[in-house]
Protein chains: 2
Amino acid sequence: MGVTLKDVAEAAGVSITAVSKVLHGSGKSVRIAKETETAIREAAHRLQYVPNSVARSLRTSRTRTIGLVFENFGSLSEGPMYYVLMLDGVAQELFRNHYRLTILAEVSHKHVGGALSDGRMDGAIWCKLPMEEEVLAQLAQSRIPVVALNTEAPANPLLTYVSCDNEGGARLVVEHLYALGHRRVLYVMEIGEDDTPDATARLRGFRRACQEAGLPFSEDDIVFWDRDASQFADWWRSGPPHTGVFAWNERVAGAVLRRAHESGVHVPTDLSVVGFDSTPFCETTSPPLTAVRQPILEMAKHAARILFDTLDNGPDEPRVFTYPCTLDVRGSTAPTSMVRRTRRKPVETSNGPILDAERGHP
Amino acid sequence: MGVTLKDVAEAAGVSITAVSKVLHGSGKSVRIAKETETAIREAAHRLQYVPNSVARSLRTSRTRTIGLVFENFGSLSEGPMYYVLMLDGVAQELFRNHYRLTILAEVSHKHVGGALSDGRMDGAIWCKLPMEEEVLAQLAQSRIPVVALNTEAPANPLLTYVSCDNEGGARLVVEHLYALGHRRVLYVMEIGEDDTPDATARLRGFRRACQEAGLPFSEDDIVFWDRDASQFADWWRSGPPHTGVFAWNERVAGAVLRRAHESGVHVPTDLSVVGFDSTPFCETTSPPLTAVRQPILEMAKHAARILFDTLDNGPDEPRVFTYPCTLDVRGSTAPTSMVRRTRRKPVETSNGPILDAERGHP
DNA sequence: TATGATGGATAAAAGGTTTTATCAACCGCC
DNA sequence: GGCGGTTGATAAAACCTTTTATCCATCATA
């Protein structure tokens, strides 16, 4: 079907070896005369020779391709925007270094080893790694290097992790809301996500920051955003004492905003809302969403560079890279002094004294 | 490095052929006894054999991989959302059929043939195909089938196209705004995009629909959204007579919305805004954006299916599949009767009579 | 007892590249 | 005239799989 080295060799009246050497520089000890070289180049150009990467990969066992593994890709356009940002960051760095990107999705945990070891890629970046010990062990023993992106690392990591300081990010939220005068903050969790390492870390950070600030925090301050948002609706109907809401991710935060708007609750005057993951999406909501930013593009690029390094210089010990988060303050948060007293009683004064005593902490 | 057929064969005390037959069903005329088969399976499992897809691809010249080509991928997270939707649709259909997806970007036009013919993929989907004749000719002669997605087809297509009725979509906008009473509508173009087939088709549809409705339309009714939006600002400052704006794409429409908001112009009471490409993004703007919807997920899946068909049954004549557009009416458009007369003079009456005479058309 | 199926299995080629080892020719030099 | 060194080039193995052709029994049939 395609033009091969053999075809070029025949056309130029030389050996395959010579053509390979000239066109791809392969073979250290092979020497070619200037005239032969030009003849070969001419023939290759005339025949429109295109090297067969598959054959080359078979020989060199390098594909110059990196796999990006998503647990559930079907949600890319519906899911949170940072998935797109991860993809974007990884892709940019790969393309810049002339690597190719292939996307894997719905890799069954049983065949995880096979999917990564079939020779189609040189390395893999795993987004939102699951926690199952056995899966992790399999990945660590995989024939190709694997980096975990955007997943909280366990205590004794078997792989290299690139993640953000979820706990610290949650703390930023508490500090921000505290500084604005908020004294009761609701944490909105998502159903089905509550046992992921990231969600756990965020909630932990939130809890601890509240404790240290002397803010009351009980299980009643956690509510789940399920599909029909019934828990949230219940909470809302009961005339909640909270003046702030921290949504565990961007999408839920957007949903809270919309729900508030529908209920005639004005953000930020009636309620301050903060989300996790500051993305372009947060700029288009109304009001724009205050959110924790993890430098996801940078992180994604870093993950790719780690793979390059491993491929060039051999494997390294598993390491954990944790990126600090920052807070992008936008229009969805405001001082409690702005709260209209119409809908709820001004709870912020009741906790005032306690807070003054503890001010040093956060 | 990896376990090969040979290893399994030795472990089971049989030939490579036998193992290949049992594990992959290859070789029509090869027959294996039940006991031998179980022995082979046992050995394969014990050694954790993983077939080498690269070697297999070399032999069969099939990779079960489809390439998705983006002209400029770097903009995925910044660019319009329908890029993500295209990717999502293609990916879903590929994965459903156990194909793999690899992403190509920044394929230089000179090496376009090489990038597609190096054996790494069985087919390609090209998003936003350029128009250059020579490139198209190269693609058509490519070793693998190529389908153009989301690109207006030329008169004599060399490839199969899956696109939407851009012209009809633009007409929907005119009809919608006309029905709401708008009589002067501004078309907002994007710099650098104005010569793409899609943009041309949209503008053409807009022009024709205006003509047929008897709406005045001159070159003054087209304005470019450049980087600092200076043209748009000029237009705006001059106290434009338009009551409606049609932005050629989603992102520009969003920018117009924001600009209007900053200028204290209320959408939709002061101005109606319509965009092209109705995506999740349009639901998060304030107000939600009325926009033309092309069934992009369906189109993307269709493109993938065309490739499957070509790969299974051989090439077909180039065809053009044009999907009709619909209009998602959201909050950014309203009847002109709602226009507050404070900021601009009521231009809609001046054209009234002409319109009544031509009412039958749209 | 040939003949012909049939079941069970293997050898070997092919696919396109990389790379090592080998070879021929030539030159210069003792 | 034999030796070492250099230049220019090639043959052939290896990478791992698929697939065709071949082979050897065995067994039934004429």
Side-chain angles (χ1 to χ4, degrees), chain A residues 1-41 43-44 47-65 114 117-122 143-144, chain B residues 1-41 43-44 47-64 114 117-122 143:
Chain A
M1 190 76 179
V3 177
T4 72
L5 280 184
K6 193 173 155 203
D7 300 326
V8 178
E10 285 174 2
V14 294
S15 72
I16 293 180
T17 314
V19 181
S20 179
K21 168 68 180 181
V22 168
L23 261 32
H24 307 129
S26 42
K28 276 217 143 196
S29 65
V30 180
R31 330 192 55 121
I32 304 290
K34 267 277 175 284
E35 310 127 21
T36 323
E37 173 167 348
T38 58
I40 289 174
R41 287 199 189 285
L47 295 181
Q48 297 201 60
Y49 168 71
V50 175
N52 182 323
S53 334
V54 175
R56 185 183 294 190
S57 291
L58 177 60
R59 181 65 233 253
T60 61
S61 58
R62 276 301 189 89
T63 61
R64 232 182 158 78
T65 298
S117 304
D118 68 354
R120 267 197 262 234
M121 41 200 186
D122 297 339
R143 229 178 58 181
I144 61 172
Chain B
M1 192 71 182
V3 177
T4 72
L5 280 182
K6 193 174 153 203
D7 299 326
V8 178
E10 284 173 3
V14 295
S15 73
I16 292 181
T17 313
V19 181
S20 179
K21 168 68 179 182
V22 168
L23 261 33
H24 308 129
S26 43
K28 276 219 144 199
S29 64
V30 180
R31 331 191 52 121
I32 304 290
K34 265 281 174 281
E35 309 128 23
T36 323
E37 173 168 349
T38 57
I40 289 174
R41 287 198 188 286
L47 296 181
Q48 297 201 56
Y49 168 71
V50 175
N52 182 323
S53 334
V54 175
R56 185 184 294 190
S57 290
L58 177 59
R59 181 65 234 255
T60 61
S61 57
R62 277 301 189 87
T63 61
R64 233 185 155 76
S117 305
D118 68 353
R120 266 197 263 234
M121 40 202 188
D122 297 340
R143 229 178 58 182

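Chain letters run A, B, ... following the sequence lines, proteins first, then strands; residues in each count from 1. These numbers were taken from a predicted model, which means no experiment stands behind them.
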Checking contacts here: which listed nucleotide ([options]) is nearest the side-chain heavy atoms of [X]?
X	options	value
B:Ser29	D:dT10, D:dA21, D:dT7	D:dA21
A:Arg31	C:dG8, C:dA11, D:dT7	D:dT7
A:Arg56	C:dT10, C:dT17, C:dG16	C:dT17
A:Ile16	D:dA11, C:dA9, C:dT17	C:dT17
A:Thr36	C:dT10, C:dG8, D:dA9	D:dA9
B:Ala55	D:dT17, D:dA12, C:dT17	D:dT17

**Message:** Against A:Val19, only a single residue in A:Leu23, A:Ile16, A:Thr17 fulfils side-chain contact (heavy atoms from CB on, under 4.5 Å); can you say which?
**Reply:**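 Result: among A:Leu23, A:Ile16, A:Thr17, A:Leu23 is the only option passing the side-chain contact (heavy atoms from CB on, under 4.5 Å) with A:Val19.
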**Prompt:** Think A:Thr4 has a side-chain N or O under 4.0 angstrom from the OP1 or OP2 of C:dG16?
**Reply:**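 The answer is no; no side-chain N or O of A:Thr4 sits under 4.0 Å from OP1 or OP2.
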**5' precedence on DNA chain D between B:Lys28 and B:Ser53 (nearest-nucleotide basis)** =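 In this pair, the answer is B:Ser53.
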**Request:** Scan nucleotides 23-28 of chain C nucleotide by nucleotide, 5' to 3', and note B when protein non-hydrogen atoms come under 4.0 Å of the base, S if they reach only the sugar-phosphate, - if neither.
**Result:** ------
**Request:** Mind checking B:Thr60 for me? I need base, sugar-phosphate or nothing, with any heavy atom below 4.0 Å counting as a touch.
**Result:** sugar-phosphate
**Prompt:** Base, sugar-phosphate, or nothing: which does B:Ile32 touch, judged by heavy atoms less than 4.0 Å apart?
**Reply:** sugar-phosphate
**Message:** Are the side chains of B:Val8 and B:Val3 in contact, using a 4.5 Å heavy-atom criterion?
**Reply:**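 The answer is yes, as the side chains (C-beta and beyond) meet within the 4.5 Å cut-off.
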**Item:** Close approaches to DNA chain C from residues 7-14 of chain B, in residue order (heavy atom, under 4.0 Å)
**Value:**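 B:Val14 - these, ordered by number, are the residues of the stretch whose heavy atoms sit under 4.0 Å from the strand.
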**Request:** Calculate the interatomic distance between B:Leu58 atom CG and D:dC16 atom C1'; express it in whole Å.
**Result:** 8 Å
**Item:** Check: D:dA11 base within 3.5 Å donor-acceptor of A:Ser15 side chain
**Value:** no
